[in-house]
Amino acid sequence: HDISRKHHFFKMANELRIPVPKTIIINGVTEDVHYENLAQQLTGSSEGEIIMKLTSASSGKKVYLVRSQGDLEYVVAQCGHYAILVAQERIPLPTGLPYSIRVVTWGNRVLGSELLVNDKDEIHSNVAQGGKAIDLAVARQPPRTEDSLALHGLDRLKVEGIAEACGIDLGRRRLPRQTERLAKIIGGYSSNYLLRGTDFMYLDGRPVALETNTHPGPPGSG
């Protein structure tokens, strides 16, 4: 299966015991699919915030923040009753800004990584939706120094808060080893594409994998 399609990705993650957000795959929206039930299962609250995605979408398109039955009905209107959708718990944002760590791999070799942060959006961190990319070095690369740290106009304290929550050494711009390890496992999974960019966030101090992309963009200036 092409693990760039989100439902196949979560099947693969379960097989390999890769941590992911709490996830429900909805294979077509029927009358028994309700926001309150999904929110309760994913967040422990019938009023919890959930993220819904069309499994075949890319570049941050067809991704929605759902807080009510009305929001769910809007998603269905946009994607169709027969679409395969992913519903997930919303991962808390340490400083309120959407973020992710993208690790670009060629097979199980890590080429580079970036911290993606967006201060103009509510849920999207990727560059295609206005996010800014901050280079991170991987294990075999020399640390990238504070002198060359480019924040692209982002609030430094907020970026530092994200980095601290994710275990990123921002001064040395170092990718956490546990994130790099998971990216290698995902990159080495048998699939049709060797080049991919896998996105991570952090939950309770550990990385969780969100998705993997076959058109990841450049892995940074390094």
Visitor: List the steps and the verdict of side chain to side chain contact (heavy atoms under 4.5 Å, CB included) for K61 and Q129.
Guide: CA-CA 8 Å; K61 298 175 182 177; Q129 300 295 329; 4.1 Å; yes

Visitor: Under the side-chain hydrogen bond (donor to acceptor under 3.5 Å, both in side chains) rule, what do T212 and Y189 come out as? Steps first, then yes or no, please.
Guide: CA-CA 11 Å; T212 190; Y189 186 80; over 6 Å; no

Visitor: Out of curiosity, does V208 fall in the hydrophobic cluster containing L136 (side-chain heavy atoms, cut-off under 4.5 Å, transitive links)?
Guide: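 Yes, it is one cluster - the side chains of L136 and V208 are joined through contacts under 4.5 Å.
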
Visitor: Strictly distance-based, threshold 3.5 Å: is any side-chain N or O of D169 a donor or acceptor partner for the main-chain N or O of L175?
Guide: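 No; judged by distance alone, with no hydrogens or angles, the pair does not exist.
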
Visitor: Picking from V86, D199, T198, what satisfies side-chain contact (heavy atoms from CB on, under 4.5 Å) with E211?
Guide: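 Exactly one pass, corresponding to D199.
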
Visitor: Would you name the heavy atoms of G187 and T105 that are closest together and state the gap between them?
Guide: CA-OG1, 3.8 Å

Visitor: How many angstroms lie between atom CD of E73 and atom NE2 of H34, to the nearest 0.5 angstrom?
Guide: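 Interatomic distance, E73 CD to H34 NE2, rounded to 0.5 Å: 10.0 Å.
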
Visitor: For V159, run the side-chain contact (heavy atoms from CB on, under 4.5 Å) check against D119, L97, L151 and tell me which one passes.
Guide: L151

Visitor: With a 4.5 Å limit on heavy-atom distance, are the side chains of T179 and Y202 in contact?
Guide: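 Sidechains of Y202 and T179: in contact.
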
Visitor: Side-chain heavy atoms under 4.5 angstrom apart, residues restricted to Ile, Leu, Val, Met, Phe, Trp, Tyr: same cluster for V127 and I101?
Guide: no

Visitor: Heavy-atom distance under 4.5 Å between the side chains of P98 and V117, does that happen here?
Guide: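 P98 does not reach V117 side chain to side chain.
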
Visitor: Are the side chain of S113 and the backbone N or O of R102 linked by a donor-acceptor pair below 3.5 Å?
Guide: no

Visitor: Hey, is the main chain of K22 close enough, under 3.5 Å, to the side chain of E89 for a donor-acceptor pair?
Guide: yes

Visitor: I need the I3 CD1 to M12 CE distance, nearest 0.5 Å.
Guide: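 Reported value, rounded in 0.5 Å steps: 4.0 Å.
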
Visitor: Quick one: do L85 and L38 end up in the same hydrophobic cluster if we chain Ile, Leu, Val, Met, Phe, Trp and Tyr together by side-chain heavy atoms under 4.5 Å apart?
Guide: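 Looking at the clustering, L38 is in the same group as L85.
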
Visitor: Within the 4.5 Å heavy-atom criterion, are E160 and R156 side-chain neighbours or not?
Guide: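 The answer is yes; the side chains approach within 4.5 Å.
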
Visitor: Just how far is it from atom CZ of R206 to atom CG of L182, taken to the nearest 0.5 Å?
Guide: 9.5 Å

Visitor: Are I25 and I91 in one and the same hydrophobic cluster, where Ile, Leu, Val, Met, Phe, Trp and Tyr link if side-chain heavy atoms are under 4.5 Å apart?
Guide: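 Same cluster.
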
Visitor: So, the side chain of Q69 versus the backbone of Y35: is there a donor-acceptor pair under 3.5 Å, distance only?
Guide: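 At least one qualifying donor-acceptor pair exists.
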
Visitor: Of all the heavy-atom pairs spanning S125 and L116, show the shortest one and how long it is.
Guide: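 S125 and L116 have their closest heavy atoms at O-CB, 3.5 Å.
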
Visitor: Do you know the tightest heavy-atom contact between Y99 and P92?
Guide: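 What the structure gives for the nearest pair is CE2-O, 4.5 Å.
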
Visitor: Carefully, step by step, assess M201 and L93 under the rule side chain to side chain contact (heavy atoms under 4.5 Å, CB included).
Guide: CA-CA 9 Å; M201 292 179 72; L93 304 175; 3.7 Å; yes

Visitor: Give the other cluster members for Y82, using side-chain heavy-atom distances under 4.5 Å between Ile, Leu, Val, Met, Phe, Trp and Tyr residues; answer none if it is isolated.
Guide: none

Visitor: Check the hydrophobic clustering (I, L, V, M, F, W, Y; side-chain heavy atoms under 4.5 Å; chains of links allowed) and say if L170 and V103 are grouped together.
Guide: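 Same hydrophobic cluster.
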
Visitor: Using a 4.5 Å cut-off on heavy atoms from C-beta on, say whether the side chain of V66 contacts that of V75.
Guide: yes

Visitor: Indicate yes or no for a side-chain donor-acceptor contact from S4 to the backbone of D2 under 3.5 Å, with no hydrogens or angles considered.
Guide: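 Pair absent, no side-chain N/O of S4 close to backbone of D2.
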
Visitor: From L115 CG over to C166 SG, what is the distance, rounded to the nearest 0.5 angstrom?
Guide: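 So the CG of L115 and the SG of C166 are separated by 7.0 Å.
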
Visitor: So with a 6.0 Å cut-off around CD of E36, is the heavy-atom count from everything else above 12?
Guide: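 Buried by this count: over 12 neighbours within 6.0 Å.
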
Visitor: Rounded to the nearest 0.5 Å, what separation is found between the CG atom of N126 and the NZ atom of K132?
Guide: 13.5 Å

Visitor: Quick one, K6 and L210 - any side-chain contact, counting heavy atoms below 4.5 Å?
Guide: no

Visitor: Between the side chain of R174 and the main-chain N/O of V138, is any donor-acceptor distance below 3.5 Å?
Guide: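 Indeed, once roles are kept as given, a pair shorter than 3.5 Å links the two residues.
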
Visitor: Please report the shortest heavy-atom distance between F200 and A183, naming the atom on each side.
Guide: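 Taking every non-hydrogen atom into account, CZ-N, 3.7 Å.
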
Visitor: How many angstroms lie between CD1 in I134 and CG in L154, if you round to the nearest 0.5 Å?
Guide: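 Taking CD1 in I134 and CG in L154, the distance rounds to 5.5 Å.
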
Visitor: Below 4.5 Å, heavy atoms only, C-beta onward: do V104 and V110 meet side chain to side chain?
Guide: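 No; the side chains remain at least 4.5 Å from each other.
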
Visitor: Which pair of non-hydrogen atoms, one from I18 and one from I186, has the smallest distance, and what is that distance?
Guide: CD1-CG1, 3.5 Å

Visitor: Walk me through whether K53 and Q88 qualify under side chain to side chain contact (heavy atoms under 4.5 Å, CB included).
Guide: CA-CA 9 Å; K53 308 174 183 179; Q88 293 180 323; 3.4 Å; yes

Visitor: Looking only at atom types and distance, does a side-chain atom of N213 sit under 3.5 Å from a main-chain N or O of R196, one as donor and one as acceptor?
Guide: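 Looks like no, no N/O pair under 3.5 Å.
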
Visitor: Please confirm whether the backbone N or O of Q78 pairs with a side-chain atom of K62, one donor and one acceptor, at under 3.5 Å?
Guide: yes

Visitor: Using distance only, find each side-chain donor-acceptor pair of residues 42-50 under 3.5 Å and give its atom names and separation, not counting sequence neighbours.
Guide:
unit_1, atom_1, unit_2, atom_2, d
T43, OG1, A39, O, 2.6
T43, OG1, S45, N, 3.2
T43, OG1, S45, O, 3.0
S45, OG, E47, N, 3.1
E49, OE1, R90, NH1, 2.9
E49, OE2, R67, NE, 2.8
E49, OE2, R67, NH2, 3.3

Visitor: Hey, does R5 have a side-chain heavy atom less than 4.5 Å from the side chain of S56?
Guide: yes

Visitor: The test is side chain to side chain contact (heavy atoms under 4.5 Å, CB included); show your working for L111 and L195 and say whether it passes.
Guide: CA-CA 10 Å; L111 301 180; L195 179 66; 4.2 Å; yes

Visitor: Give a yes or no answer on whether the side chain of H7 reaches the backbone of I84 with a donor-acceptor pair at less than 3.5 Å.
Guide: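 It does not hold such a pair.
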
Visitor: List the atom of G161, the atom of T95, and the distance in Å for their closest heavy-atom pair.
Guide: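 In terms of heavy atoms, the two residues are closest at CA-CG2, 3.8 Å.
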
